Amino acid sequence: MILDSKIPSGPLAEKWDHHKGHLRLVNPANKRKFHVLMVGTGLAGGSAAASLGELGYNVTCFCYQDSARRAHSIAAQGGINAAKNYQNDGDSVFRLFYDTVKGGDFRAREANVYRLAQLSVNIIDQAVAQGVPFAREYGGYLANRSFGGAQVSRTFYARGQTGQQLLLGCYQALSRQVARGTVAMVPKTEMLDLVLIDGVARGVVTRNLATGEIRRWVGDAVVLATGGYSNVFYLSTNAKGCNTTAIWRAHRRGAFFANPCFTQIHPTAIPPSGEYQSKLTLMSESLRNDGRIWVPGRSGDRRRPSDIPEAERDYYLERRYPSFGNLVPRDVASRAAKQVVDEGRGVGATGLGVYLDFADAIGRLGRDTIADRYGNLFEMYERITGENPYQVPMRIYPAPHYTMGGLWVDYNLMSSIPGLFVIGEANFSDHGANRLGASALMQGLADGYFVLPYTLGDFLASRMGEKVGVEHPAFAEVEDGVRERRGRLLSLSGSRTVDSFHRELGRIVWDECGMSRSGQGLKTAIERIPALAEQFWREARVTGDGESINQSLEKAGRVADFFELAELMCRDALTRDESCGCHLRAEHQTPEGEALRDDVRFRHAAVWQWQGEGKPQIRHQEELAFENVQLSQRSYK
Amino acid sequence: MNLTLFVWRQESRGARGRMVRYEAPDVSPDMSFLEMLDVVNERLIAQGERPIEFEHDCREGICGSCGLVVNGIAHGPMPATATCQLHMRHFKDGDTLYVEPWRSRGFPVIQDLVVDRGAFDRIVQAGGFITAATGNAPEANSLPVGKEVAEMAMDAAECIGCGACVAQCPNGAAHLFTAAKISHLGLLPHGQPERYERVLGMVEQMEREGFGACSNFRECEAVCPKGISTDWIARMNRDYFAARLFVEKSDKKRAGGVG
Amino acid sequence: MASKPSSWSSSLGKKAVMAVSGLVLFGFVLAHMAGNLKMYQGREVYNHYAEGLRELGAPFFPESGVLWVARAVLLAAAVAHVVAAWQVTRQSRAARGGRYARHQVVQADYAVRTLRWGGVILLLFVVYHLLHLTFGNPAVHPDFIPGDVFHNVVVGFSNPLIAVFYLVANVALGFHLYHGVWSVFQTLGVNRVGMQERWRAAAALFAFVVTAGNVSFPIAVLTGVVS
Ligand SMILES: Cc1cc2nc3c(=O)[nH]c(=O)nc-3n(C[C@H](O)[C@H](O)[C@H](O)COP(=O)(O)OP(=O)(O)OC[C@H]3O[C@@H](n4cnc5c(N)ncnc54)[C@H](O)[C@@H]3O)c2cc1C
Ligand code: HEM
Ligand code: HEM
Ligand code: SF4
Ligand code: F3S
Ligand code: FES
């Protein structure tokens with residue numbers, strides 16, 4: 001099977017402009033006759049819905065929260081990259097492109113990434129015009145900082161709340177369209193399945209989370225902007241409601257799933273404090289600029305940090321990576337932390353943690369300087385842990401954070417199902433095997449503001465007059481399936497809560513398909529996950545009815561999908577018999593523990609096709625061509 | 001530690017609710033308030049009962065989903081802290097906690113501790129934006145914004161839309177929320193063309209939603225998880241009167257013509 | 001959609017009416033207090049001052065002309081203030097929508113929490129006060145001598161019950177003024193970011209001056225300083 005990525009021909013730098021110039025347009029008078037179903041209101045969905053509404057399309061937009069403004073993009077802290085070169089430090093579209101491709105360990109499409117870098121500059125213009133209060137210099141011009149180890153200062157930020165401010169920008173634009181009547185907002189509603197008619201995506205079936213109403217929606221195209229699936233790990237930095245249901249249901253209807261095993265683990269989250277832990281909170285990576293990471297030299301050392309003398313501490317990052325030290329990339333830092341914890345040298349009550357110590361920095365720069373730089377973060381840390389990081393070292397631990405994998409899309413962001421588009425974190429497109437800091441916000445907004453509005457028009461232009469209604473039998477069939485599944489979940493009356501299954505699933509995925517994966521471990525996980533799923537369908541307990549808010553029902557549906565996704569992740573990780581980016585196969589590393597890529601066998605995206613219940617998916621490959629960059633091995637020694 | 005909870009249970013919109021007593025044994029001081037409720041809920045589910053419904057998502061104090069009145073204070077006793085960031089170490093063994101939903105005419109209760117905050121969305125729809133269609137934006141640095149103004153705008157923009165201000169206000173007023181958005185956009189040069197139309201639209205929508213008047217109780221700012229200042233309310237008032245009294249009719253007409 | 005509210009039908013508009021009328025009333029109580037200080041200069045000066053008020057504007061205006069205009073403004077302000085207070089309070093009561101089983105006040109001070117009751121006490125006080133010292137209603141002030149204001153005050157306050165009532169009412173006025181005056185800066189949008197503390201200090205000072213003056217009168221009579 002050949003996957004047509006529809007990458008335009010021509011020189012890299014001209015592909016997008018050329019392509020745009022040849023996309024078909026929809027006559028202005030006809031736009032409002034097209035109905036677009038937009039699932040998700042994060043940066044991707046919010047920006048797309050607002051832009052499509054502005055163009056005159058008739059958009060219906062869904063989110064599971066009670067307001068579009070609460071999508072998980074709101075939680076992004078650090079910033080957003082753009083190749084503006086405001087700092088005159090040698091940044092350029094090409095450099096941002098190159099950094100992103102290299103950061104992704106050469107597992108992303110050149111053309112997509114180049115387009116992303118090109119559009120990054122427009123995003124900043126758009127956001128500023130909307131009133132996003134980015135940080136400024138005294139002269140009134142935009143400020144930048146360097147982020148995630150980049151050599152140039154290209155990150156734009158709004159205090160520690162960049163995602164919030166960008167999302168409010170989208171939300172405001174979206175609200176304007178709601179007022180104009182072009183977008184109908186349907187909050188507190190979860191998409192439970194996709195409807196295909198003649199092989200084309202034509203609708204969704206949803207459940208209203210407040211009233212339980214199950215409803216059919218018909219459209220001329222469906223866009224999924226439903227975010228990432230890090231919650232497959234149970235504990236992650238994602239919001240509690242983040243789920244895979246929308247993309248997983250689409251996968252089951254035929255949308256290909258690409259690189260499911262590419263998940264990013266962030267090194268600086270606050271460690272879990274007990275079994276009840278419900279989510280992990282991210283601490284900005286910038287802390288590693290001044291904090292020193294260490295653990296006790298010998299395992300089982302339970303002394304207080306202040307009682308451990310300098311000579312008995314192991315500053316393991318500084319030791320192993322003398323030139324980058326504490327600033328090694330996310331995946332390297334995360335893996336190193338896991339290693340020392342596995343050796344029994346972890347700290348804190350649960351032993352799941354390493355110290356991030358500011359004593360030296362405070363000694364060197366003074367408490368005031370540190371308070372100036374990190375005051376908010378220190379406060380947040382103290383609020384959560386009750387410990388004062390000015391006095392005792394912080395404890396940090398890696399946490400699942402971002403999923404590079406997602407539904408496969410072509411250059412036009414259309415999935416393998418015609419009429420089904422996928423944008424933002426939900427697709428697989430731009431980050432390869434690892435995402436650089438501050439580039440997810442960029443991707444979501446590029447997709448929503450500047451790519452989809454054109455490419456969707458191109459698709460719709462060919463579909464004038466193909467009207468169907470929700471009475472079509474295909475809708476009835478899907479709705480019946482949704483009702484049947486809801487009934488099955490509601491009838492679960494075993495002895496265990498859904499959360500307890502989710503926790504157990506999360507532990508398996510974390511252990512076997514987390515920071516470091518081995519063939520052996522993945523094989524056992526592939527056996528254990530379906531067994532656990534089976535147990536879930538026997539022993540889980542769901543209370544209440546379907547006619548009101550019912551968290552145990554909502555969770556049960558999401559966890560049931562996570563089981564199936566987890567299995568696919570493990571199979572993908574097992575088949576990808578190389579290390580790359582965040583995917584470290586224990587079998588493929590240098591003696592120093594560095595990832596060893598295999599560009600001969602695995603320079604491709606793994607693309608999985610659903611085969612039906614109980615049958616393993618088929619794996620396709622989209623070969624990746626690198627014509628503008630030199631493949632190189634990372635080294636942070 | 002062991003706690004006694006009295007929690008508001010209500011089956012559905014408009015139904016009668018009541019405070020129900022629950023025991024919460026073995027609470028760890030390191031739990032967040034919502035994690036404590038999770039544990040209570042796990043136990044309820046195991047007993048086949050309907051768990052306590054409450055709104056939450058990010059659990060890191062930024063999405064604005066969560067919001068409970070704990071012992072009579074919106075978001076509980078810690079200042080500048082959303083409910084999801086409130087930790088149990090601030091309570092004592094043996095404490096009795098009263099857990100209630102936001103109460104205000106503008107926020108009807110849907111179920112248990114979940115309320116309908118759609119009014120906030122409608123207030124924003126009535127003008128809480130800058131009309132800048134995708135593709136219209138000029139180069140970002142073409143219009144400098146003084147650092148101080150940008151910082152002030154950011155102070156106001158930090159509002160997470162949680163509604164605690166309304167819940168705590170003895171008047172059930174939504175002034176703090178509305179003023180924060182008006183000020184955020186009204187401070188920036190990009191927000192000037194629609195400044196007066198915006199304040200009229202948003203204030204009028206706020207009134208239509210049935211929120212109260214502001215008597216300057218300042219309870220709102222005391223519970224606001226983002227410490228939004230009541231100074232913005234003065235600014236909103238100023239802009240509102242300016243729009244009413246001094247601004248030409250033609251200046252108030254917004255391009256898109258929102259009814 | 002509901003019709004567009006007119007300028008003053010919004011709560012912001014009503015609050016502005018309250019603030020402006022409150023300022024008029026405030027101006028009056030301040031001046032009234034200052035005028036009453038003349039009682040410390042003795043019967044002659046005080047009575048002369050009271051008489052003077054009636055001749056204000058003479059010879060250009062008829063006797064008591066200016067006084068009546070001032071009274072009209074005052075009355076209008078008072079009516080506007082009370083009517084708007086009533087409307088705004090009703091709107092807010094309705095908006096509260098249910099009480100909490102437990103309720104705690106976080107930072108609202110005593111002054112704002114007693115605002116509405118304080119207003120009612122003031123209203124009752126003013127009615128009483130007019131009957132007492134302006135109209136000299138025999139039931140309220142049996143020994144009232146028209147024109148001898150000094151006498152009326154001294155005799156009036158010699159009754160400890162009445163003096164105490166004045167004290168209570170004036171303390172209530174003090175609180176109402178403290179909250180009211182800084183509220184005006186807020187309501188009319190005079191306050192700027194970061195300036196609130198200053199306005200509150202100014203309001204406290206105003207309220208203190210007026211209250212101290214007013215409270216001193218009954219005390220002075222009771223202790224025989226003024227007799
Ligand atoms: C803590 C944290 C910090 C981060 N910091 C940064 C950063 O500094 N810089 C950066 O570039 N990136 C950062 N990221 C990553 C970035 O925030 C996300 O990748 C990005 O915001 C995803 O946007 P999105 O629009 O694709 O999805 P989301 O914002 O997750 O939106 C998903 C939307 O889909 C809806 N939805 C989901 N499922 C369903 C369903 N079944 N039915 C109906 N609706 C559904 C939701 O309601 C929501 O509206 C961070 C991520 C986290 C978790
Ligand atoms: C000497 C008489 C009075 C003075 C000087 C005075 C002054 C003020 C002032 C300055 C305010 C502030 C308005 C604002 O918030 O901007 C105010 C508020 C108020 N006044 Fe008065 N007032 C007086 C009498 C009264 C009376 C007689 C009543 C009621 C019967 C009253 C009821 C109120 C109420 C309820 C408020 C608060 C309104 C609100 O914010 O909800 N006042 N007053
Ligand atoms: C202890 C304090 C006070 C004293 C000693 C006092 C004294 C007097 C006296 C003697 C008069 C009659 C003047 C005359 O007829 O010439 C008067 C009138 C009046 N006082 Fe007071 N007063 C006091 C406080 C107040 C307060 C607090 C208010 C308002 C809230 C008030 C409102 C009035 C009014 C409205 C009049 C009528 C003015 C007019 O003739 O139109 N007084 N007062
Ligand atoms: S102003 Fe504060 S309390 Fe009110 S909605 Fe915004 S963040 Fe919440
Ligand atoms: S508490 Fe309410 S009265 Fe005004 S100052 Fe805040 S809105
Ligand atoms: S759950 Fe998001 S703010 Fe509390």
Side-chain angles (χ1 to χ4, degrees), chain B residues 6 8 19 69-74 77 79 97-98 100 103-109 152 155 166-175 183 200 203-204 206-208 210-219 221-223 229-242 244-245 259, chain C residues 1-16 18-20 84-85 87-109 111-113 115-116 179-180 182-197 199-200 203:
Chain B
F6 284 90
W8 182 259
M19 299 296 282
V69 175
V70 181
N71 282 349
I73 302 179
L97 305 182
Y98 289 77
E100 299 175 70
R103 288 193 197 285
S104 137
R105 189 173 135 209
F107 292 161
V109 174
M152 278 169 72
D155 286 342
V166 177
Q168 191 72 16
C169 173
N171 290 357
H175 281 55
S183 301
L200 292 177
V203 165
E204 280 153 16
M206 172 179 90
E207 297 276 318
R208 269 186 221 115
F211 292 107
C214 176
S215 303
N216 302 309
F217 273 90
R218 293 167 64 243
E219 286 287 278
E221 106 189 335
V223 298
S229 161
T230 47
D231 289 343
W232 302 122
I233 298 180
R235 195 173 198 281
M236 168 174 82
N237 292 340
R238 183 159 73 242
D239 273 10
Y240 180 78
F241 298 130
R244 278 290 182 208
L245 300 172
Chain C
M1 193 175 272
S3 67
K4 219 175 164 113
S6 74
S7 296
W8 305 114
S9 70
S10 78
S11 71
L12 271 63
K14 288 177 194 140
K15 281 302 307 273
M18 294 197 62
V20 172
Q87 291 180 334
V88 161
T89 303
R90 258 185 35 145
Q91 175 180 351
S92 295
R93 279 276 158 82
R96 184 81 287 281
R99 297 170 75 91
Y100 292 109
R102 277 283 178 288
H103 180 68
Q104 264 188 58
V105 172
V106 190
Q107 75 170 16
D109 55 26
V112 59
R113 283 183 284 134
L115 197 60
R116 288 165 194 160
H179 184 78
W182 86 257
S183 238
V184 165
F185 296 114
Q186 195 68 358
T187 302
L188 297 183
V190 179
N191 175 33
R192 303 274 155 162
V193 171
M195 302 281 278
Q196 222 183 84
E197 292 303 321
W199 294 122
R200 273 210 294 281

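Note on naming: letters A, B, ... go to the chains in the order of the sequence lines (proteins, then strands), and numbering restarts at 1 for each one. Worth saying up front: this structure is predicted, and the values here are computed from it rather than measured.
A donor-acceptor distance shorter than 3.5 angstrom exists from the side chain of C:Lys15 to the backbone of B:Cys214, with no hydrogens or angles considered. When atom types are taken as modelled, the side chain of C:Gln104 and the backbone of B:Ile73 share no donor-acceptor pair closer than 3.5 angstrom. Panel note: side chain C:Gln186, backbone B:Asn216; no donor-acceptor pair is recorded below 3.5 Å. A donor-acceptor pair is defined here as one N or O able to donate and one able to accept, closer than 3.5 Å; such a pair exists between the side chain of B:Asn171 and the backbone of B:Ala213.
By number of non-hydrogen pairs under 4.5 angstrom with chain C, the leading residue of B:Met19, B:Arg105, B:Glu221, B:Arg218 is B:Arg218. When each of C:Val105, C:Val88, C:Asp109 is checked for heavy-atom pairs under 4.5 Å with chain B, C:Val105 comes out on top. Each of B:Ala242, B:Gly210, B:Ser215 has some count of heavy-atom pairs under 4.5 Å with chain C, and the biggest count is that of B:Ser215. Ranked by heavy-atom pairs under 4.5 Å with chain C, the first of B:Pro77, B:Pro170, B:Ser229, B:Ala173 is B:Pro170. For the options B:Phe107, B:Tyr98, B:Phe211, heavy-atom pairs under 4.5 Å to chain C are most numerous at B:Tyr98. Among the candidates B:Glu100, B:Arg235, B:His175, B:Met206, the residue making the largest number of heavy-atom pairs closer than 4.5 Å to chain C is B:Glu100.
Residues B:Gln168 and B:Ser104 form no side-chain contact, since every pair of their non-hydrogen atoms from C-beta on lies 4.5 Å or further apart. By the 4.5 Å heavy-atom criterion applied to side chains, B:Glu219 and B:Cys169 are not counted as neighbours. Two residues are said to be in side-chain contact when any heavy atoms from C-beta on lie closer than 4.5 Å; C:Arg93 and C:Arg116 meet this criterion.
Residue contact with chain C, scored on non-hydrogen atoms closer than 4.5 Å, involves the backbone and the side chain of B:Phe217 alike. With a 4.5 angstrom heavy-atom cutoff, C:Arg192 touches chain B via backbone and side-chain atoms both. Of the two parts of C:Arg99, only the backbone, made up of N, CA, C and O, holds a non-hydrogen atom closer than 4.5 Å to a non-hydrogen atom of chain B. Of the two parts of B:Trp232, only the side chain, counted from C-beta on, holds a non-hydrogen atom closer than 4.5 Å to a non-hydrogen atom of chain C. Contact annotation for C:Met195: only backbone heavy atoms (N, CA, C, O) come within less than 4.5 Å of a heavy atom of chain B. The contact between B:Val223 and chain C is made entirely by side chain atoms (from C-beta outward), counting heavy-atom distances below 4.5 Å. B:Thr230 touches chain C through backbone and side chain together, each having a heavy atom under 4.5 Å away. Neither the backbone nor the side chain of B:Ala174 comes within contact range of chain C; no heavy atoms are under 4.5 Å apart.
Using the six-membered ring where Trp is involved, C:His179 and C:Trp182 have ring planes that are perpendicular, over 60° apart on the 30 and 60° scheme.
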| request: Applying salt bridge (Lys or Arg N to Asp or Glu O under 4.0 Å), run through B:Glu204 and B:Arg244 and close with a yes or a no. | output: CA-CA 12 Å; B:Glu204 280 153 16; B:Arg244 278 290 182 208; 2.6 Å; yes
